[in-house]
2 protein chains.
Amino acid sequence: MKKKKEVTIYDLAKELNYSPSTISRALNNHKSIGKKTIKKVQKTAEEFGYRRNALAASLRNNTSKTIGIMISRINRPFIASLITGIEKAARSANYNVIITQSDDKYDNEVNNAKALYDARIGGLIVSLGMETQDTSHFDQYIKQNVPIVFVDRVPENFNSYRVIIDNYAAGYRATKHLIEQGCKRIAHFAGAQHVNVYNLRKKGYLDALKEHGLEVDENLILDMKILSFKEGRKATKQLLKLDNPPDGIFSANDTAAVSAILYAKEKGVKIPQELAIIGFNDDPISRIVEPTLSTVSHPAQKMGEISTRRILEHATRDLDSAVSEITMLDTEIIVRNSSNRNLKLS
Amino acid sequence: MKKKKEVTIYDLAKELNYSPSTISRALNNHKSIGKKTIKKVQKTAEEFGYRRNALAASLRNNTSKTIGIMISRINRPFIASLITGIEKAARSANYNVIITQSDDKYDNEVNNAKALYDARIGGLIVSLGMETQDTSHFDQYIKQNVPIVFVDRVPENFNSYRVIIDNYAAGYRATKHLIEQGCKRIAHFAGAQHVNVYNLRKKGYLDALKEHGLEVDENLILDMKILSFKEGRKATKQLLKLDNPPDGIFSANDTAAVSAILYAKEKGVKIPQELAIIGFNDDPISRIVEPTLSTVSHPAQKMGEISTRRILEHATRDLDSAVSEITMLDTEIIVRNSSNRNLKLS
DNA sequence: ATATTAAACGCAATCGGTTGTTATCCCAAA
DNA sequence: TTTGGGATAACAACCGATTGCGTTTAATAT
């Protein structure tokens, strides 16, 4: 149970006959330290295998080189990519990353916000949970000037950084794509409408219909609380039972879109000839389901990188966290077999 | 840029006319502090909104209530569940979790081990990357008595906690299941053989064949470095080209199994009648592919919980980290359509 | 009433960097 | 020769909780 002691700046100070403060500044390339001194100190530090004790620094500065992440669930392809992007950018700046999951429960989100705050994180990246309407649990961060970046699912009325995709345009273009394939009655699997991303996708869908002279049929618009496999099946069933069923579906996520494909196939509906389908997210499954699913792809990893960059910048620039800056990224329509009616059958 | 000061034990001490040490002990329910004092202190702490500064405590103790996780990639269903299990157990014990990904690169793994060590994590949970053969980057943890739990992909010769599944039995039973379905020539998609889980699954496969009097044909055993979609296709192609193709495949993961299903279907091979397939992991995709994929399910989340528990226990028991304790969990064969020849066709 | 002892709490050092302020030294300008 | 100033580096306080050891008080034993 003996612990080998770590090398500290005091050890280096003794070795080199400098004071600890000089060592500290030298290691941080402080301008008030001579060039040769800096070189000498850093060389010795290397030789001694010195490792900066981040805890001590964090305690003193009351902030740490750690980025907190709050997401609903880790096991979604989009989130996984997002995290990968964050992690890469963070690690290359010598930041750590703490991930918390809310499981889309508001209470968990509040608790996680507290826990991360207590960990003195240097910045927070958040994709809101489904239940979240009130965002006051983030107020303390603003007070302490800890930067917050909201990603994807962002709040309406909170002053902070935002990194989002153009959901309206994506919804519009996805719908337009179906129209171009000849669809006349296009259904929409809409997510919870208080969540901005779903709300905007629906708006894009509606405007695309209108601008192309297609009737908006409320029976074809299904507001679903959860865009799950189960709900997707239910919704598809409901649609196919209509006297006048749709000939296209734009689903606000891939999971529900896939369930639509599977259910329609079970019922002998030809895809895409009788029913063209497009999803959202470009989950891996969209390449595996048959027919392969057309979809809209997020630049998820890039969003993670950008979010991290915002936080790092904030730290350097010494800004006030009241800044509000929106970064909007483009999406891409990926046409696969589930919506491509011009395809030669193989 | 003004920062509101946090309440510290010094504030409480002043308020209650106690010394900081008494406050500290009272908050930690130390036995040498009077009952009423403890109550009084904790009540005031509550009122004042006191929040323990974990950094200060960590600095003093040279260890933090943080669990480090090292995995290859977050975007795998098994890993995601594992993490969820870890996170839940950790959070309920007031621990934080730091996740690092190696992307199956050895160098990344070494760096992550260093970074987590610098963060003074209180325990480490590791699922080894594919490349990892040498494990000396974990030695420093042992020296400092920081508990390490290896999960799933564990090293052979490293003294520590292990939480694993019975890969041998799983491989045996999966193969036996195919035999029971009438398969005579069963192929195996084997993963990299220096990784224990793949090695054991293969052993189980081999023994099942032998014990049921089936010939082992080396042409049917494909050692694949990566059990990816692409490699799976390639392997299936190779198998179907044989003069004497297999009538069953046991794949060491679901990804490759799914690719086999898709490729075989393309080639008009009837599943499961002409080719029965079983995978490994029970990834969500196994329910979606058609026919649905039989597979072996891990208790992933439970493994995460148990791993965390090992670390927490270690902290309480004040054990030496030289302890080696193996927890082996059972798996479950899940029979779906890809291998069920007794199924009535719908 | 005195000695013994356990319970309850305080003192002060400690963990390892960071930083405002002060001190020293050297060189150039007056 | 003296003074001003820039360049370097040292001093010491500080971040907030923890803990070994010592002291006080009160209760129990003799």
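Every chain is numbered from 1, with letters handed out A, B, ... down the list of sequences.
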Proximal nucleotide (of dG16(D), dT18(C), dC9(C)) relative to the Ser32(B) side chain: dC9(C)

Protein-nucleotide distance (Asn61(A), atom CG; dG20(C), atom C1'), rounded to Å: 14 Å

Would you indicate, yes or no, if dC9(C) has its OP1 or OP2 atom less than 4.0 angstrom from a side-chain nitrogen or oxygen of Ser19(B)? no

Any side-chain N or O of Arg52(B) less than 4.0 Å from the OP1 or OP2 oxygen of dT18(D)? yes

Kindly state whether the ring of His137(A) and the ring of Tyr106(A) have centres lying under 6.0 angstrom apart. yes

Go through it in stages, so that I can follow the logic: the residues are Phe150(B) and Tyr161(B), the test is ring-ring contact (aromatic ring centres under 6.0 Å, His included), and I'd like the CA-CA distance, side-chain angles, deciding distance and then a yes or no. CA-CA 6 Å; Phe150(B) 288 102; Tyr161(B) 296 101; over 10 Å; no

Starting from P on dT18(D), measure out to NZ on Lys65(B) and report it in whole angstrom. 9 Å

Can you check the Lys14(A) NZ to dG17(C) P distance for me, whole Å? 13 Å

Just how far, in rounded Å, is P of dT8(D) from NZ of Lys36(A)? 6 Å

OP1 or OP2 of dC11(C) under 4.0 Å from side-chain N/O of Tyr18(B): no

Between dT8(D), dG16(D), dG17(C), which nucleotide gets closest to the side-chain atoms of Thr37(A)? dT8(D)

Atom CG of Asp11(B) to atom P of dC15(D): distance rounded to whole Å? 11 Å

How many Å lie between CG on Leu16(A) and P on dA10(D), as a whole number? 10 Å

Arg25(B) has an atom CZ; how far is it from atom C1' of dC11(C), in whole Å? 10 Å

Both Gly34(B) and Tyr50(A) contact DNA chain C. Taking the nearest nucleotide for each, which residue is further toward the 5' end? Gly34(B)

Any N or O donor-acceptor pair under 3.5 Å from the base of dC11(C) to the side chain of Ser21(B)? yes

Ignoring the backbone of Ser24(A), work out which of dT18(C), dG10(C), dG16(C) is nearest its side chain. dT18(C)

Can you measure Arg60(A) atom CZ to dT19(C) atom C1' for me and round it to whole angstrom units? 5 Å

For a quick test of reading the model: is some side-chain N or O of Tyr10(B) closer than 4.0 Å to OP1 or OP2 of dC14(D)? no

Could you tell me whether the phosphate oxygens of dA8(C), OP1 or OP2, come under 4.0 Å of any side-chain nitrogen or oxygen in Thr22(B)? no

